[in-house]
*Asks:* 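Encoded as structure tokens, here's the structure I'll be asking about.
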Amino acid sequence: HPDLASNMWTNTAEKTGLPGVDDDGNGYIDDVYGYDFVNNDSNPFDDHGHGTHVAGIIAARGNNGMGVVGVSWRASLMALKFLDASGFGSSSDAAEAILYAAAMRAKIMNNSWGGGEYSQVLYDAINQANNAKALFVAAAGNGGYDLIGDDNDTATFYPANYDLPNVLSVAATDQNDALASFSNFGSTTVDVSAPGVNIYSTLPNNNYGYLSGTSMATPYVSGAAGLLLSQNSSRNPIALKALLMGKSDALPNQANKNVAGGRMNVNQSVNCTSSALDMLALIPGEGFAMITDSVYHDRPPLTIQAQVHACGKKTSYPAKVQALFSNGNTKINLFDDGL
């Protein structure tokens, strides 16, 4: 696509190497632009259309006099395909794509897909991406067969619902800044929202068109994360989440619909200069429910994690953080374990 071609990631070792040879020794032959894990070949061409639309939202080339512009005009797009022409694929292929991206040092992974049961293989792959300091941005999902958004706090949607610190789950908003009717939500499991209704972007065969979904909201967040990394390449997934969530616009209609309580504001995130401390609840998320009755004494212990930061940069001085029970009777002081 002429609006994407100049921003495609290339594997230099394979591009300049010999055809039919795994020049970089990563186990994949001729993976110049990425890889097709469905057909096990080096041509990840989008024969569905969805991925091309998502790619344009992230990084359609800016200031080139054509088409549309992505959030991050010059981000590098690695094409990894695990869904077929009908939009279906396996968790094992998805996991392989994630591991490939982590091995090739991708720092942001856009995941505008979801469905299926819990997969330990997929969880482990995302955790490996976390160990590689890669942000995993995931669509919160578009509801069930009735296309009415579900509560991900009770009706799990994977991979957005995997409880890992690098996962950033995204809901969709409409042109009125309201939660889209089809968008899943969750006060503790969905992190932030972004525009996802009637989004105009790139399509295969040099075309453009409109699509709606949390799939379209997710690349807005991925593109914004790219801008934040271009400012400071040392920002890890937690720092990126802190900026994208902590500097979002609070919206009354989303107060209990996602952890941030609103819609991402790219301008506020990239222009953050405050020295004031903010706290981001990471695990399990703000406002979670826990049963403490003695009947459940055999439940595993609960880990609570939060990060104190200023503009996404972790502080180098101590801060006191407390967890409060809803009945107000008890306070838990959290301690700094160095992480």
Side-chain angles (χ1 to χ4, degrees), residues 1-12 15 31-36 42-87 97 101 106-113 135 137-139 142 170-177 180 182-183 192-231 244 263-267 269-271:
H1 198 293
D3 227 1
L4 299 173
S6 61
N7 282 347
M8 292 306 299
W9 171 85
T10 55
N11 184 351
T12 305
K15 188 173 184 178
D31 53 320
V32 176
Y33 299 105
Y35 203 77
D36 179 349
S42 60
N43 180 17
F45 180 78
D46 178 15
D47 51 10
H48 181 276
H50 184 272
T52 304
H53 197 272
V54 167
I57 297 170
I58 298 172
R61 188 65 176 232
N63 201 30
N64 62 355
M66 69 172 67
V68 296
V69 295
V71 179
S72 187
W73 290 10
R74 296 194 179 187
S76 182
L77 294 164
M78 181 187 295
L80 302 178
K81 175 179 176 178
F82 80 95
L83 299 173
D84 61 23
S86 300
K107 291 303 178 186
I108 303 165
M109 302 183 189
N110 187 89
N111 297 273
S112 291
W113 59 277
L135 180 67
V137 189
N142 300 332
V170 184
T173 56
D174 62 19
Q175 55 268 46
N176 298 313
D177 247 355
F182 57 76
S183 178
V192 73
S193 64
V197 176
N198 295 328
I199 305 301
Y200 192 66
S201 185
T202 48
L203 289 173
N205 302 312
N206 305 342
N207 291 320
Y208 298 87
Y210 293 92
L211 288 176
S212 298
T214 56
S215 284
M216 283 62 251
T218 302
Y220 274 108
V221 176
S222 295
L227 290 178
L228 292 171
L229 272 183
S230 73
Q231 284 185 314
L244 293 166
R263 186 247 314 118
M264 177 188 69
N265 185 316
V266 184
N267 183 59
S269 295
V270 299
N271 289 305

*Asks:* Is there a side-chain contact between N7 and W73 in this structure, where contact means two heavy atoms from C-beta onward sitting under 4.5 Å apart?
*Replies:* no
*Asks:* Are side-chain N/O atoms of H50 and S215 paired as donor and acceptor at under 3.5 Å?
*Replies:* yes
*Asks:* For Y220 and M264, work out which heavy atoms get closest and say how close.
*Replies:*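 That would be O-CE, 3.5 Å.
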*Asks:* My understanding is that only residues two or more places apart in sequence, or in another chain, count here; which of them pass side chain to side chain donor-acceptor pair (under 3.5 Å) with W113?
*Replies:* N111
*Asks:* Would you find more than 12 non-hydrogen atoms of other residues, nucleotides or ligands less than 6.0 Å from F45 atom CZ?
*Replies:*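 Enclosed.
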*Asks:* Side chains of V68 and D3, heavy atoms from C-beta outward: is any pair under 4.5 Å?
*Replies:*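 A side-chain contact exists here, since the closest heavy-atom pair is under 4.5 Å.
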*Asks:* Could you tell me which non-hydrogen atom of M109 sits nearest to which non-hydrogen atom of A101, and how far apart they are?
*Replies:* CE-CB, 3.7 Å
*Asks:* Who pairs with D31 by side chain to side chain donor-acceptor pair (under 3.5 Å), at least two apart in sequence or on another chain?
*Replies:* N11, N26, Y100
*Asks:* For residues N110 and S112, is any side-chain donor paired with an opposing acceptor at under 3.5 Å?
*Replies:*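 N110 vs S112: donor-acceptor pair found between side chains.
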*Asks:* Do you know the tightest heavy-atom contact between A217 and A194?
*Replies:* CB-O, 3.3 Å
*Asks:* Can you give me the closest heavy-atom contact between N267 and N271, atom names plus distance?
*Replies:*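 Taking every non-hydrogen atom into account, OD1-ND2, 2.8 Å.
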*Asks:* More than 12 heavy atoms of other residues, nucleotides or ligands under 6.0 Å from CG of N63: yes or no?
*Replies:* no
*Asks:* Could you give the distance from OG (S6) to CG (N64), rounded to the nearest 0.5 Å?
*Replies:* 7.0 Å
*Asks:* Between N43 and Y35, does any side-chain donor sit less than 3.5 Å from a side-chain acceptor?
*Replies:*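 No, because no side-chain N or O of N43 sits under 3.5 Å from a partner of the opposite role on Y35.
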*Asks:* Would you say the side chains of S193 and R263 form a donor-acceptor pair under 3.5 Å?
*Replies:*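 No, no side-chain donor-acceptor contact under 3.5 Å.
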*Asks:* With T10, which residues qualify under side-chain contact (heavy atoms from CB on, under 4.5 Å), at least two apart?
*Replies:* K15, Y33
*Asks:* Among all residues two or more places apart in sequence or in another chain, which pass the side chain to side chain donor-acceptor pair (under 3.5 Å) test with D47?
*Replies:*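 D47 satisfies side chain to side chain donor-acceptor pair (under 3.5 Å) with K81 once adjacent residues are dropped.
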*Asks:* What residues, two or more places apart in sequence or in another chain, satisfy side-chain contact (heavy atoms from CB on, under 4.5 Å) together with T52?
*Replies:* L4, D46, T202, P204
*Asks:* Would you please test V54 and M216 for side-chain contact (heavy atoms from CB on, under 4.5 Å) and show each step?
*Replies:* CA-CA 6 Å; V54 167; M216 283 62 251; 4.0 Å; yes
*Asks:* Return the set of residues passing side-chain contact (heavy atoms from CB on, under 4.5 Å) with A180 (not counting sequence neighbours), or none when no residue passes.
*Replies:* A172, F182, S183, V197
*Asks:* Does H53 form a side-chain contact (heavy atoms from CB on, under 4.5 Å) with I199? I'd like the steps, not just the answer.
*Replies:* CA-CA 9 Å; H53 197 272; I199 305 301; 4.2 Å; yes
*Asks:* Would you compute the distance between atom NE2 of H1 and atom CE of M66 and round it to the nearest 0.5 angstrom?
*Replies:* 9.0 Å
*Asks:* Heavy atoms, side chains only, cut-off 4.5 Å: are V71 and L227 in contact?
*Replies:* yes
*Asks:* For residues D36 and S42, determine if any side-chain heavy atom of one lies less than 4.5 Å from a side-chain heavy atom of the other.
*Replies:*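 D36 vs S42: side chains apart.
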*Asks:* Compare all side-chain heavy atoms of H48 with those of L83 and state whether any distance is below 4.5 angstrom.
*Replies:* no
*Asks:* If the test is side-chain contact (heavy atoms from CB on, under 4.5 Å), which one of I108, V266, L244, L135 qualifies with L228?
*Replies:*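 Answer to the side-chain contact (heavy atoms from CB on, under 4.5 Å) test with L228 among I108, V266, L244, L135: L244.
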*Asks:* Compare every heavy atom of A139 with every heavy atom of T218, then report the nearest pair and how far apart it is.
*Replies:*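 For T218 and A139, the tightest heavy-atom pair comes out as OG1-CA, 3.1 Å.
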